[in-house]
Amino acid sequence: MYTGHEEKKKVDKNKYLLMKTDIIIAGVGGQGILSIAACIGMAALENSMHIKQSEVHGMSQRGGAVQSHLRISDREIFSDLIPLGKADLIISVEPMESLRYLPWIAKDGWVVSNTTPVKNIKDYPDTEEIIKSIKLLENHVIVDADKIAREIGSPIYSNMVVLGAAARFINLKHENIESGIRAIFARKGSEITARNLEAFNAGWQLSANIK
Amino acid sequence: MLLGDEAVAQAALDAGISGIYAYPGTPSTEIMEYVQRSRKAADENVFCQWSANEKTAMEAALGMSYTGKRSMVCMKHVGLNVAADAFMNSAITGINGGFIVTVADDPSMHSSQNEQDSRFYGKFAMIPILEPSNQQEIYDMVFYGFELSERYKVPVMMRFTTRLAHSRSAVKRGGSLKQKKLALPSDPKQFILLPAIARQRYKNLLSLQASLEKESENSRFNKLFDGPDKSTGFIACGLAYNYLREVVSENSLDNPILKITHYPLPLAMIKKISSECDRLIILEDGYPLVEEMLRGYPENDKRIMGRLDGTLPRDGELNPDHVAGAAGFDVKQGPVPPPVVKNRPPSLCKGCGHIDMFNALKEIIDEYGPGRVFSDIGCYTLGALPPFNAINSCVDMGASVTMAKGAADAGLHPSICVIGDSTFTHSGMTGLLDAVNDQSSVTIIIADNVTTGMTGGQKSSAAGRIENICNGIGVKSSHIRVINPLKKYHNENVALIKEEIDYRGVSVIIARRECIQAMKKKRK
Ligand SMILES: Cc1ncc(C[n+]2csc(CCOP(=O)(O)OP(=O)(O)O)c2C)c(N)n1
């Protein structure tokens, strides 16, 4: 019953086929990072991929630092948590939070962050210092998502702008994620869905020359 | 795509429960919430209301089992302390309809006062424990658990931890069983634990142990995987097995692995892996329960490794990196966050009534000196953090009332208590009765936001009736005062609290303003 190794060998043989993205979505309790996770998750589901999505519920939701580990893959996923140094992507809707999870980022992983800070602590650092730190990372995308979202109609769309800017680093097609967004916002009506798609595509354009 | 919690709920519905009982508590809350939202539950009339506390929930669920119907009770780990009397004795009475006690533990104390491991309770009660390693197993185990419970007429514990409770994955649903018909226990004395009967019942429980162990031995949920490298064997319990598989999928690991997700421990399997391997690494997301058992006390077997010998951290939740490290693989961590990253602890929401209550209280503290405010568990516990630094205790639900009483009995004045409305009805009322009976000089502030805020706004048991309850317990009407914690009433609120502090007896000040999150939700 060498179940352990047999599985292992299968993986080796197919390694070149492995389609996975391990994503950490970061923000502050109340910023709605779970809707980003839901859109990606829905897109992956429509693509018949495996998904695991670990969320933070409870105490930290009261304005504390929150994160979601989202793993999508064409193979079975085991751990609900992404191991250290294995995340392909950090998507953060708040700049300081984008740096909190760096120990999880893989060597060639990307950090995509919003620039608008949530200053709900006394010792919140100078935003410029934070942006400088993000810029020191080899693979980063910085977007003023709130500004773009306001142009679209409301800062509530900023999370979709950030998702759009990050979408090129996810192993899913552009139209898959669009379809995921449509599915997630369907019950809020066509107007809201259209605004969210607009925000997503505005973000997508921003990272056009990067990858 | 279901959270682990939701997988429990869906499975319980599909397995034909007639009722589910619970008191909210992270990470278990979403089980009941899922059932309350479910069409199936509504269509099939499945009982699904919050209870006043975990003890009342456990007893009501046992009562439902008494009638021959399947029932479930859910709670967080510390909730089982509250329900422990009912729980331990339900193992002695045994059950009639299938009965599962679902407990979600919180190692690393993400939202808890401690990280106690409920498996100890299961072992203590001598009942089977199921400890799923993933969401699908949660679902499948609920079906199995009810069947097991009914076959041996014992309660079954389902135990998992925060990570699994709050992680989503696709779950395949099984069948859909009908609810059971009303059928009273065949032995009318089964549930009467008079000593003479209890002794019989206990012997019965003891006599089942060998069979329960055989069930574990043959369980499809326990599995021994052989491997050629016998230098080390791994025993992976519950979620730890999932982490070990993660490590196996990334590295080559050719060691024997024993997966344990069904207790009592499958002795023959353990003997086999133990005799074959030079040493064993025990992986548990919780206390080192299995490790301690295998190590033995006088033997102190050094071949057994895990949390007790430093192979793994002694405390905190397990993760795939710990497991990889214990298996001898390097963990290639990304960069350390730069120093500009500051801690961001949770805080009270903007506009929360607790803020104005604490601002008033702060003035009192400034006048009378610090160290006199006993508090409790809920959003208002955040009053311990800056800028308030207003409270001096948070121990267990309801303890604020009784600790303030004890301190007052010792001569501390003022002795102030701050407790939430849901916490008050959970376990504060009985303490208030003690204080009234002894005429202790305490000032009890009930921070009434008309909801169970911390856990996401569940119905609060005594909404709208707190004055009547306090009055019924014996607090004089003239010392039951209601204030509106708003900035504009700050001065009068401070004056009123002072007035009640000057009263040498039990006074209750209800600081009432609806939770702003609850208000937002209503507007939606
Ligand atoms: C025995 C036990 N059960 C449940 C919990 C989880 N819990 C912590 S705070 C809380 C709600 C408190 O509500 P309330 O007292 O109304 O205060 P609020 O959060 O609304 O301010 C609950 C259910 C716990 N810590 N201990």
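The model shown is predicted, which means the values in this text are computed figures rather than measured ones. Labels below follow one simple rule: chain letters A, B, ... track the order of the sequence lines, proteins then strands, and each chain is numbered from 1. Hydrogens, waters and symmetry mates play no part in the numbers below; they use all other heavy atoms, side chains included.
- Within the 4.5 angstrom heavy-atom criterion, atoms from both the backbone and the side chain of B:S169 approach chain A.
- Residue B:P27 does not touch chain A at all, counting heavy-atom pairs closer than 4.5 Å.
- Using a 4.5 Å cut-off between heavy atoms, A:V118 touches chain B through backbone and side chain atoms alike.
- A:L99 and B:P337 make their closest contact through O-CB, 3.4 Å (heavy atoms, listed as atom of the first residue, atom of the second, distance).
- Note that the CG atom of B:N134 and the CD1 atom of A:I77 stand 12.0 Å from one another [nearest 0.5 Å].
- The NZ atom of B:K342 sits 15.0 Å away from atom NZ of A:K122, with the distance rounded to the nearest 0.5 Å.
- The greatest number of non-hydrogen atom pairs below 4.5 Å with chain B, out of A:R71, A:K107, A:E129, A:R100, is found for A:R100.
- If you measure heavy-atom distances from B:N343 to chain A, the contacts under 4.5 Å come from both the backbone and the side chain.
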(Q) Apply side-chain contact (heavy atoms from CB on, under 4.5 Å) to residues B:C349 and A:R62 and explain how you reach the verdict. (A) CA-CA 7 Å; B:C349 308; A:R62 300 271 161 277; 4.1 Å; yes

Q: Any chance you could lay out the side-chain contact (heavy atoms from CB on, under 4.5 Å) test for B:R344 and A:E94, step after step, and finish with the verdict?
A: CA-CA 12 Å; B:R344 195 192 297 265; A:E94 205 276 349; 3.1 Å; yes

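- If you measure heavy-atom distances from B:L382 to chain A, the contacts under 4.5 Å come from the side chain alone.
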Q. So A:H57 and B:D5, side-chain contact (heavy atoms from CB on, under 4.5 Å) or not? Walk me through it.
A. CA-CA 12 Å; A:H57 295 229; B:D5 276 351; over 6 Å; no

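- In terms of heavy-atom pairs under 4.5 Å with chain B, the best-connected choice from A:V66, A:D126, A:D123, A:L70 is A:D123.
- Of the atoms belonging to B:K332, it is backbone heavy atoms, and not side-chain ones, that fall under 4.5 Å from chain A.
- Only the side chain of A:I121 comes within less than 4.5 Å of a heavy atom in chain B; its backbone stays farther off.
- Using a cutoff of 4.0 Å between basic side-chain nitrogens and carboxylate oxygens, A:K52 and B:E246 are not scored as salt-bridged.
- Taking each heavy atom of A:S133 and B:V340 in turn, the nearest pair found is OG-CG2, 3.8 Å.
- When heavy atoms are compared at a cutoff of 4.5 Å, A:K86 approaches chain B solely by way of its side chain, counted from C-beta outward.
- Ranking A:H69, A:K132, A:E97 against chain B, the residue ahead of the rest is A:E97, based on heavy-atom pairs under 4.5 Å.
- The choice from A:I130, A:I82, A:V28 that makes the most heavy-atom pairs within less than 4.5 Å of chain B is A:V28.
- For A:E175, the CD atom counts as densely surrounded, since its 6.0 Å shell holds more than 12 non-hydrogen atoms of other residues, nucleotides or ligands.
- Of the listed residues B:V336, B:V341, B:D106, the one with more heavy-atom pairs under 4.5 angstrom with chain A than any other is B:V341.
- Here the CG-CD distance, from A:L81 to B:E317, works out to 6.0 Å after rounding to the nearest 0.5 Å.
- For B:L244, no part lies near chain A; criterion is any non-hydrogen pair under 4.5 Å.
- At a 4.5 Å heavy-atom cutoff, B:C352 makes no contact with chain A through either its backbone or its side chain.
- If you measure heavy-atom distances from B:D321 to chain A, the contacts under 4.5 Å come from the side chain alone.
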Q: Tell me, with the steps shown, if B:K350 and A:N120 meet side-chain contact (heavy atoms from CB on, under 4.5 Å).
A: CA-CA 10 Å; B:K350 237 191 221 156; A:N120 64 349; over 6 Å; no

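- With a 4.5 angstrom heavy-atom cutoff, A:L136 does not touch chain B via any of its atoms.
- For B:R163 against A:S54, the heavy-atom pair with the smallest separation is NH1-OG, 3.4 Å.
- Separating the OG1 atom in B:T162 from the CG atom in A:D80 is a distance of 11.5 Å, to the nearest 0.5 Å.
- Side-chain atoms of B:V247 and A:P83, non-hydrogen and from C-beta on, never get closer than 4.5 Å to each other.
- Legend: residues meeting side chain to side chain donor-acceptor pair (under 3.5 Å) with A:H140, ordered by chain and number and at least two apart, are absent.
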